[in-house]
Asks: 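Quick one: the structure is below, and I'll ask about it shortly.
Side chains are part of it too, since the values below use all heavy atoms of this structure and drop only hydrogens, waters and symmetry mates. Every value quoted in this text rests on a predicted model; they were computed, and no experiment measured them.
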Amino acid sequence: MDRFSFLNAAHSQLIEDLYQQYLKYPDSLEPSWKAFFQGFDFALENYGDEEFVQYTANQTAPVQQVTQALAGGEVPEHIKKEFKVVNLIEAYRTRGHLFTKTNPVRERRHHSPTLDLENFGLSTADLNTQFNCAAETGMKGAASLKDLIVHLENIYCDSIGVEYMHITNVAEKDFIKQWIQVNENHPSLNAKEKTEILLKLNQAVAFENYLHTKFVGQKRFSLEGGETLIPALDQLISKSSMLGVDEVVLGMAHRGRLNVLTNIFGKSYKQIFSEFEGKEFEEDVFSGDVKYHLGSSKKIKTASGEEVAINLTPNPSHLETVAALVEGICRAKVDDKYKGDYSKILPIIIHGDGALAGQGIAYEVAQMMTLEGYKTGGTVHIVVNNQVSFTTNYLDARSSTYCTDIAKVTESPVMHVNADDAEAVVHAIHFAADFRAKFGKDVYIDLLGYRKYGHNEGDEPRFTQPNLYKSISKHPNPREIYKDQLIQDSVISNDVLKKMEVDFKELLDKDFDASKEIEKNVMDIFMGEDWTNLPLAKKGAVQIPVDTKYDLEKLKELAIKMTTLPADKKFLNKITRLFDNRLKAIDGNSLDWALGEWLAYATLLVEGYNVRISGEDVERGTFSHRHAVVKTEDTEEEYVPLKHVSESRFDVFNSHLSEYGVLGFDYGYAMASPNTLTIWEAQFGDFVNGAQIIVDQYLAAAEEKWKIQDGLIMLLPHGSEGQGAEHSSARLERFLTLCANENMVVANITSPANYFHLLRRQLKWPFRKPLIVMSPKSLLRHPKVVSPFEDFANGTFQPIIDDASADASKIEKLVFCSGKLYFELLAKKEELNCENIALVRFEQLYPLQNDAIEAIFSKYSTAKQIIWAQEEPENMGAWSYILRNFRDTGIQVVSPVPSGAPAPGSHKMFEKNQNAVINRVFDREDAPVQRPVTA
């Protein structure tokens, strides 16, 4: 059937409108129409015969005349055929990746329609016909259909499958089209380059084989089946360095990590072998981690002589988590070290096929690609595609065709490569380096291989994939395949190959023997050079007071400067009033939370530190207290007051709606930028639940596992305000459960001045610790939550705030509390004119300031009762933690009853519970008996 017969019934005006749309916005058309008009334009340009041109001579209405010609059957048959061949070319570009030779151990899934000629209105009778459109594919001129198909098969359907037609940017698409047409998308390598690839393959394969024989049954998460990753990384680093990259940050999970550590990062085989013996690390205070989680930082020289800094980020076994850290680390280095030049640093993320398709954080990180606060100039994603997830077959691991289909979200190109074809792998890697360097966008390389053993070396893969593993057991490894190819091509001799293998085996044997003499293992410090001036904290260092004072007069000058809006810009009336009120508060020496926060940032900026605040709604603040960015009323021009107090960098970015990915990013940022006050703020405290893996695996444990410091601040709005179960609790209990060995600081601050000193202390310490702040909601505007300038200028951080009004000799009940409940208890105390109760605030819950606590107990030694009061249910909040630390004091708790939800849904029930807690503290007769309640 004539594929263009539909034109006979088409309305000419419709076709003309479509053509005009095609000329302006070609990618907006339905693909078949777009292909048709491309063919029409091409034929018009290349055929000069009068019988066709006469219909298109009038430039004002060419399509009307062509439509008439088509409808009347007047277009010559060879022109119609040219259109059909253009459609065939377009099909190869769009769907050729579905018909490649990319799977080394399985037959590919069948897709339809195929690329058979008959599906395009062509036949074998057309094979010897010459078509001008062949020039569009990189051929020198007109070519027979037969030769054109061979050409297209080589480009699109050999060992590399290319996906790029989903990209709407014309320049990017043309670049890819031209790049892959050179040499029919096959590499052109000389003998030296081929030998280098074989050398890296030999290292990869021989190392895995050696481990398999020397450490039988031990987990190592072998790379076998995907060994071409090693020459791929080697070539990516080398090629990128030639394109201007000075530093690489790599993130990957555990599979193949030992191979990467040794054969890319140069970690000695001796050290790896020693770690297999399970020896302790040198520093007993650190628990360390398994060998396939450790990181490394090195400077290497590439084959081309370029010096490159390379970093392998330590990671837990939570797949894809490290990707967010890699992006944050790279962004920090762009900001600090490379002064905004994204071309100088390259993020590389190595994925597993199941993890990339299945883990939500992969999507969160992908969406950062072009965001102003999170972009890194493009990431090279390499998928070590084992075609299995733990034991789950790939057909059960995703609904999409490819594990890399996430690339379509960001319009990133994908190359699917047969991992057995070492040269094709290198070719795809060169493309990735070139594309990223030119366009600063992500690019994905999907290495189709297999997993030789089970999930780990003690696993039996035939339980779940018996047929597949029959094939794998007989399948030669990539080194053997490439070795045979080079011998056949006379690139290298068998004698040279045998010497290469023997020499490497002798090196491994020598290092294996030497590893026996190592008594304790030494841990490489990740990015150690960045932390030279900030050694790890010694035990107890967190308890030592730090000078966070600031000159009073300079403080007042800063306060006025940052709070005065420019007179030549028109802002919303509400914004103008808000800033006017801040000036009045400054004049009245009564600074609220927002001013205290701003002063902490401003003073640090003036002292040469940088500040970065990131999270959902951080510019304004969830509760409209911050207003770090204000916009003019008419033009929406942004004005950031804190950018005008110093030359230091003040960045505040509203993030996309992500917790897991963004918290990981900001943790990575703080890891690479110790002199930046890096803050991630949750919209509400319980939103951190969505990022719990970052908290558990990094914030709490990174120093013990990997000797890594990180000064990230997390602001988590916390407090029961009668708004229901959601957004009431930041889950203080979870953080306190994770606290040990001074690994982080947990605070619940009630004073603007104390908050000021807490933030300043974070960068004044000669080390770094994560800081978790149960930040306020209602206290942001509480009339009693204010501080005078003197408390900012001359004060210091107070971990515990005593009851200033208490007469110690009269105290019968000592009440400890934290956060906003203090002000509700204070109001009741003032109402009752109560003199026998002292209210003491714990501003820093971890680590506890033991000397200050002992002084409190000593001061109130007459107290007959010690109470911990909290608004959280008894099974939540700080009570369990307090009980562990004060079990010998007879301390009792006053709190709502245990509950599965953080707060009741009814406002009346909330008030009832809250009043019950307050009244019980003061032994009021009207305090109701507590019973479990449901809202």
Asks: With side-chain contact (heavy atoms from CB on, under 4.5 Å) as the test, would you mind laying out the steps for E184 and D158 before giving the verdict?
Replies: CA-CA 10 Å; E184 295 188 333; D158 199 10; over 6 Å; no
Asks: Is there a side-chain contact (heavy atoms from CB on, under 4.5 Å) between I329 and N311 once you walk through the steps?
Replies: CA-CA 10 Å; I329 290 167; N311 307 277; over 6 Å; no
Asks: For a quick check under 3.5 Å, do E163 and Y402 share a side-chain donor-acceptor pair by atom type?
Replies: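 No.
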Asks: Output the distance between atom CG (L236) and atom CZ (R436), rounded to the nearest 0.5 Å.
Replies: 9.5 Å
Asks: Tell me the closest heavy-atom pair linking G352 and V383, and the distance in Å.
Replies: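 Looks like C-CG1, 4.0 Å.
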Asks: Taking everything shown except Y342 itself, do over 12 heavy atoms lie less than 6.0 Å from its OH?
Replies: yes
Asks: Dump the intermediate steps for side-chain contact (heavy atoms from CB on, under 4.5 Å) on E136 and V86, then the final yes or no.
Replies: CA-CA 9 Å; E136 277 291 290; V86 168; over 6 Å; no
Asks: Does the side chain of L98 reach to within under 4.5 Å of the side chain of T401, using non-hydrogen atoms?
Replies: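 Yes - at least one pair of side-chain heavy atoms lies under 4.5 Å apart.
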Asks: Can you check whether V260 reaches I230 side chain to side chain, under 4.5 Å on heavy atoms?
Replies: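 With C-beta onward as the side chain, the pair touches.
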Asks: Atom CG in L447, atom OG1 in T228: separation rounded to 0.5 Å?
Replies: 5.5 Å
Asks: Which atom pair, heavy atoms only, marks the closest approach of A428 to V417?
Replies: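 Closest approach of A428 to V417, heavy atoms only: CB-CG2, 3.5 Å.
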Asks: Do M369 and S412 come close enough that some side-chain heavy atom pair is under 4.5 Å?
Replies: yes
Asks: Return yes if some donor-acceptor pair links the side-chain N/O of K200 with the main-chain N/O of N263 below 3.5 Å, else return no.
Replies: yes
Asks: W179 vs H427 aromatic rings, parallel, tilted or perpendicular, using cut-offs 30° and 60°?
Replies: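 Answer is tilted, since the angle falls between 30° and 60°.
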Asks: Are a donor atom and an acceptor atom from the side chains of S493 and D495 found within less than 3.5 Å of each other?
Replies: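 Judged by distance alone, the side chains do not pair up.
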Asks: Testing the 3.5 Å rule here: is there a donor-acceptor pair between the side chains of E208 and N477?
Replies: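 Judged by distance alone, the side chains do not pair up.
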Asks: Please check if the side chain of E193 supplies one atom and the backbone of N190 the other of a donor-acceptor pair under 3.5 Å.
Replies: yes
Asks: Can you spot which of K337, K298, K299, K344 makes a salt bridge (charged side-chain N to carboxylate O under 4.0 Å, His left out) with E247?
Replies: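 Passing option: K337.
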Asks: Is there a donor-acceptor contact under 3.5 Å from the side chain of N183 to the main chain of N185?
Replies: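 Pair absent, no side-chain N/O of N183 close to backbone of N185.
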Asks: For K173 and I167, indicate whether the former's side chain and the latter's backbone hold a donor-acceptor pair under 3.5 Å.
Replies: yes
Asks: Between CG of N259 and CD1 of I272, what distance do you get to the nearest 0.5 Å?
Replies: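 If I round to the nearest 0.5 Å, the distance is 9.5 Å.
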Asks: Strictly distance-based, threshold 3.5 Å: is any side-chain N or O of E327 a donor or acceptor partner for the main-chain N or O of P347?
Replies: no
Asks: Between H186 and N154, does the side-chain hydrogen bond (donor to acceptor under 3.5 Å, both in side chains) criterion hold? Intermediate values first, please.
Replies: CA-CA 8 Å; H186 285 67; N154 286 337; 5.2 Å; no
Asks: Counting distance only, does the side-chain N/O of D353 pair as donor-acceptor with the main-chain N or O of Q387 below 3.5 Å?
Replies: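 At least one qualifying donor-acceptor pair exists.
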Asks: Backbone N or O of M527 within a donor-acceptor pair of the S297 side chain at under 3.5 Å?
Replies: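 Yes, because the side chain of S297 sits within donor-acceptor range (under 3.5 Å) of the backbone of M527.
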Asks: Is there a side-chain contact between T404 and N385, using heavy atoms and a 4.5 Å cut-off?
Replies: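 SC-SC contact between T404 and N385 ruled out.
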Asks: S123 and L117: which non-hydrogen atoms are nearest, and at how many Å?
Replies: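 Closest approach of S123 to L117, heavy atoms only: O-CD1, 3.7 Å.
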Asks: Suppose we call two aromatic rings close when their centres sit under 6.0 Å apart. Are Y269 and F504 close by that rule?
Replies: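 Yes; F504 has its ring centre under 6.0 Å from that of Y269.
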Asks: Using a distance-only test with no angle check, is there a side-chain donor-acceptor pair under 3.5 angstrom linking E423 and Y482?
Replies: yes
Asks: Heavy atoms only: give me the nearest I160-A424 pair and the separation to one decimal.
Replies: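 Looking at all heavy atoms of both residues, the closest pair is CD1-O, 3.6 Å.
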Asks: Over 60° means perpendicular and under 30° means parallel, so classify the ring planes of Y156 and Y92, tilted if in between.
Replies: tilted
Asks: What's the spacing between D442 CG and T370 OG1 if we round to 0.5 Å?
Replies: 9.5 Å
Asks: Any chance NZ of K438 has more than 12 other-residue heavy atoms, nucleotides or ligands included, within less than 6.0 Å?
Replies: no
Asks: Within this structure, what is the CZ-CG distance for the pair R257 and L312, rounded to the nearest 0.5 Å?
Replies: 4.0 Å
Asks: Once the angle between the rings of Y450 and H475 is folded into 0 to 90°, is it parallel (under 30°), tilted (30 to 60°) or perpendicular (over 60°)?
Replies: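 Aromatic pair Y450/H475 classed perpendicular.
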Asks: Report yes if some heavy atom in the side chain of V162 is under 4.5 Å from a heavy atom in the side chain of P413; otherwise report no.
Replies: no
Asks: With distance as the sole test, does D446 use its side chain to make a donor-acceptor pair with the main-chain N or O of H416 at under 3.5 Å?
Replies: no
Asks: Tell me if a side-chain donor or acceptor on R331 pairs with a main-chain N or O of K375 at a distance below 3.5 Å.
Replies: yes
Asks: Please step through salt bridge (Lys or Arg N to Asp or Glu O under 4.0 Å) for the pair K192 and E196, ending with a clear verdict.
Replies: CA-CA 6 Å; K192 182 175 180 292; E196 285 174 359; 2.8 Å; yes
Asks: Which atom names give the shortest non-hydrogen contact between K81 and L122, and what distance separates them?
Replies: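 Closest heavy-atom pair between K81 and L122: CD-CD2, 3.6 Å.
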Asks: If you count heavy atoms of other groups shown closer than 6.0 angstrom to CE of M242, is the number above 12?
Replies: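 Result for CE/M242: open.
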Asks: Side chains of T100 and N418: closer than 4.5 Å at any heavy-atom pair?
Replies: no
Asks: What heavy-atom pair brings L201 and P231 nearest, and what distance separates the two atoms?
Replies: CG-CG, 4.0 Å
Asks: Do the non-hydrogen side-chain atoms of Q359 and H351 ever get within less than 4.5 Å of each other?
Replies: no
Asks: For E501 and N202, indicate whether the former's side chain and the latter's backbone hold a donor-acceptor pair under 3.5 Å.
Replies: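 Side chain of E501 to backbone of N202: no pair is present.
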Asks: Would V248 and I348 count as a side-chain contact (heavy atoms from CB on, under 4.5 Å) here? Give the steps.
Replies: CA-CA 7 Å; V248 169; I348 304 173; 3.6 Å; yes
Asks: Do V384 and N386 have side chains that get closer than 4.5 Å, going by heavy atoms?
Replies: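 Yes, their side chains come closer than 4.5 Å.
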Asks: Can you tell me how far the CG atom of D116 sits from the CG atom of N119, to the nearest 0.5 Å?
Replies: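 Atom-to-atom, D116:CG and N119:CG are 5.5 Å apart.
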Asks: So for atom CD, which belongs to Q488, do other residues, nucleotides or ligands contribute more than 12 heavy atoms lying within a distance under 6.0 Å?
Replies: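 Incorrect, the count does not exceed 12.
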Asks: Please evaluate residues E480 and K483 with respect to the criterion salt bridge (Lys or Arg N to Asp or Glu O under 4.0 Å), reporting the C-alpha separation (whole Å), side-chain torsions for both, the decisive distance (0.1 Å), and the verdict.
Replies: CA-CA 5 Å; E480 297 306 308; K483 180 174 75 172; 3.0 Å; yes
